[in-house]
Amino acid sequence: MARLQPVRGTHDILGDKSLRFRTIFEIFKSVAERYSHQEIDTPIFEFTETFKRTLGETSDVVNKEMYTFEDRGGEQVTLRPEYTAGIARAFMSNGLQQSMPCKFYSFGPIFRYERPQKGRMRQFHQMDVEIIGVPEAQADIEVLAIASDLLDALGIGQHITLELNSLGDPQSRAGYRDALVKYFGGYKNKLSEDSLKRLEKNPMRILDSKDEGDRLLIADAPRIAEYYNQDTKDFFAKVIDGIEAIGIEYQINDRLVRGLDYYCHTAFEFTTDQLGAQGTVLAGGRYDGLMEMMGGPKTAGVGWAAGMERLAELVSEDLISKPKRPVIVAPVGADAQVPAMKIAHDLRAAGLTVDMAYKGNVGKRMKRANKQNALFAVLIGEDEMGRGVAMVKNLDQGSQQEISLSELSTYILGSL
RNA sequence: GCGGGUGUAGCUCAGUUGGUUAGAGCGCCAGAUUGUGAUUCUGGAAGUCGCGGGUUCGAUCCCCGUCACUCGCCCCA
């Protein structure tokens with residue numbers, strides 16, 4: 001068995017899990033399309049530079065979580081650790097500045113080299129939404145509305161809280177950062193080891209610390225709202241007015257910061273207390289500076305990503321769409337094999353889901369039909385062949401009836 | 001990357017204070033039932049006790065290492 005294990009932190013998706021994923025994706029797709037978003041699929045790997053430059057040299061994602069390798073041509077490439085940078089690259093590669101605004105959605109695997117835990121794996125799946133080219137707050141509102149609609153459609157909205165913050169425009173953010181460095185710099189002897197590192201690299205992250213000593217200091221730390229300039233205040237107020245107008249509940253969390261460097265203004269997380277340490281189910285924000293960092297023209301953008309595996313843990317069983325119940329065709333005797341195949345073929349052509357009971361006596365084949373949760377079993381043997389009929393058994397009711405082959409599909413379709 | 005817990009059949013789990021043939025339920029296969037499923041009854045297959053090393057007359061059990069899973073930290077969806 002040892003050699004047959006999947007790579008650590010990766011999982012096969014089959015059976016019930018596969019149905020859950022598909023159901024959630026279908027719902028996501030229909031919600032996103034209702035907002036006039038279009039599907040985009042970008043490659044699952046990009047040049048390493050694409051991620052390195054945008055995520056920030058200090059981020060954990062870049063420093064220890066990327067799956068990076070050199071391909072046979074000597075290129076440094078990386079399995080995507082998030083969606084936004086790849087989509088931004090695609091936006092520029094395809095010259096879509098011509099067709100702004102662009103509204104995208106996407107779904108697929110994401111890779112991060114992390115220590116696996118429940119709700120955290122090395123290959124996992126995200127659903128992603130982006131609006132590129134709309135600097136106005138309407139885009140932030142719309143993107144939040146998609147998220148909220150999705151969670152409601154999945155029937156889990158009541159277990160999830162929207163936490164909202166504004167990181168401010170670059171000017172506000174820089175002012176706040178300085179204030180934090182000054183404040184925490186005065187308590188170097190009291191800060192936790194982790195937070196001392198954060199003070200150097202990314203002081204805003206100290207606000208996230210779970211260390212008890214840190215939390216005491218954080219309680220009296222400067223609040224970001226005190227450093228907002230007028231533009232930031234106006235922008236945030238518009239976002240809040242907008243989501244209030246459409247009835248989205250939220251909590252302001254001014255300790256909420258995002259891990260990736262390219263965020264500004266709106267930052268948000270939808271969190272739940274039902275998944276242990278991995279509470280974040282959907283998160284995102286505005287990233288107006290991203291395209292410039294990548295060497296393109298300044299272009300506004302806002303979006304989010306949601307973790308499929310985490311959502312799948314929360315969604316109720318009743319929501320999951322089940323596979324169609326099949327009709328099972330069971331030939332009796334070797335001579336019936338070919339006619340049975342023909343019958344199955346005709347029923348499929350009529351749009352029915354059909355499987356064959358391949359072997360065994362009639363009892364075995366019926367058992368097989370039952371195990372597959374079939375609606376009907378269609379028996380065809382010497383007797384029936386002679387008269388151009390098939391024996392059709394309704395497996396829910398236990399009743400059966402001879403039906404002429406020419407009326408078979410009509411009969412079954414009529415009894416559904 | 002750091003710390004704790006766990007690892008026995010396809011699945012869920014017993015068990016052995018170190019002792020000969022390691023058990024149960026579910027599932028699977030077969031038969032009772034060669035033209036009729038779900039129930040029932042009978043039988044069967046299936047385990048390098050995660051892997052490697054050590055201690056021992058003897059290890060699934062004790063020790064060390066390793067791998068995987070799991071919980072937490074870091075970080076994040």
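Letters A, B, ... mirror the listed sequences (proteins, then strands); counts begin at 1.
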Requested in this report: Output the single nucleotide from B:G1, B:C29, B:G35 whose closest atom is nearest the side chain of A:Lys371.
Outcome: B:C29

Report summary line: Atom CD of A:Gln126 and atom C1' of B:C76 are separated, to the nearest Å, by 9 Å

Report task. Looking at every strand, decide which applies to A:Leu282 at a 4.0 Å heavy-atom threshold: base, sugar-phosphate, or nothing. Result -> sugar-phosphate

Query raised in the report: Looking for any heavy atom pair under 4.0 Å, which part of the strands does A:Ala283 touch: base, sugar-phosphate only, or nothing?
Result: sugar-phosphate

**Report entry** Base paired to B:G25 (Watson-Crick or G-U; both N/O distances under 3.5 angstrom)
**Finding:** B:C11

**Report entry** Contact under 4.0 Å: A:Lys364 side-chain N or O vs B:U33 OP1/OP2
**Finding:** no

Query raised in the report: Which is true for A:Lys367 with a 4.0 Å heavy-atom rule: it touches a base, it touches only sugar-phosphate, or it touches nothing?
Result: sugar-phosphate

**Report entry** Toward the 5' end of RNA chain B, by each residue's nearest nucleotide, A:Arg8 or A:Gly398
**Finding:** A:Gly398

**Report entry** Residues A:Arg286 and A:Asp288 bridged, charged N to O under 4.0 Å
**Finding:** yes

Query raised in the report: With sugar-phosphate meaning primed atoms plus P, OP1 and OP2, does A:Gln400 contact a base, only sugar-phosphate, or nothing at under 4.0 Å between heavy atoms?
Result: base

Report summary line: Sorted by chain and number, sequence neighbours left out, ring pair (Phe, Tyr, Trp, His ring centres under 6.0 Å) with A:Tyr105 holds for A:Phe28

**Report entry** Pairwise C1' distance for B:A14 and B:A9, with rounding to whole Å
**Finding:** 13 Å

**Report entry** Protein proximity profile, nucleotides 6-12 of chain B - base contact B, sugar-phosphate-only contact S, no contact -, cut-off 4.0 Å on heavy atoms
**Finding:** -------

Query raised in the report: Parallel, tilted or perpendicular: which fits the ring planes of A:His125 and A:Phe21, with parallel below 30° and perpendicular above 60°?
Result: perpendicular

Report task. Assign A:Gly284 to base, sugar-phosphate, or nothing according to its heavy-atom contacts below 4.0 angstrom with the strands shown. Result -> nothing

Report task. With heavy atoms under 4.0 Å as the rule, sort A:Met127 into base, sugar-phosphate or nothing. Result -> nothing

Report task. Remember a base hit wins even if backbone is also touched, and classify A:Glu313 as base, sugar-phosphate or nothing at under 4.0 Å, heavy atoms. Result -> nothing

Query raised in the report: Can you check whether A:Lys118 has a side-chain N or O nearer than 4.0 Å to OP1 or OP2 of B:G5?
Result: no

Query raised in the report: With distance as the sole criterion, is a donor-acceptor pair present between the side chains of A:Thr266 and A:Asp140 under 3.5 Å?
Result: yes

Query raised in the report: Contact class for A:Glu114 vs. all strands (heavy atom < 4.0 Å): base, sugar-phosphate, or nothing?
Result: base

**Report entry** Sugar-phosphate, base or nothing in reach of A:Arg365, heavy atoms under 4.0 Å
**Finding:** nothing

Report task. Indicate, with a heavy-atom threshold strictly under 4.0 Å, whether A:Gln372 touches base, sugar-phosphate, or nothing. Result -> nothing

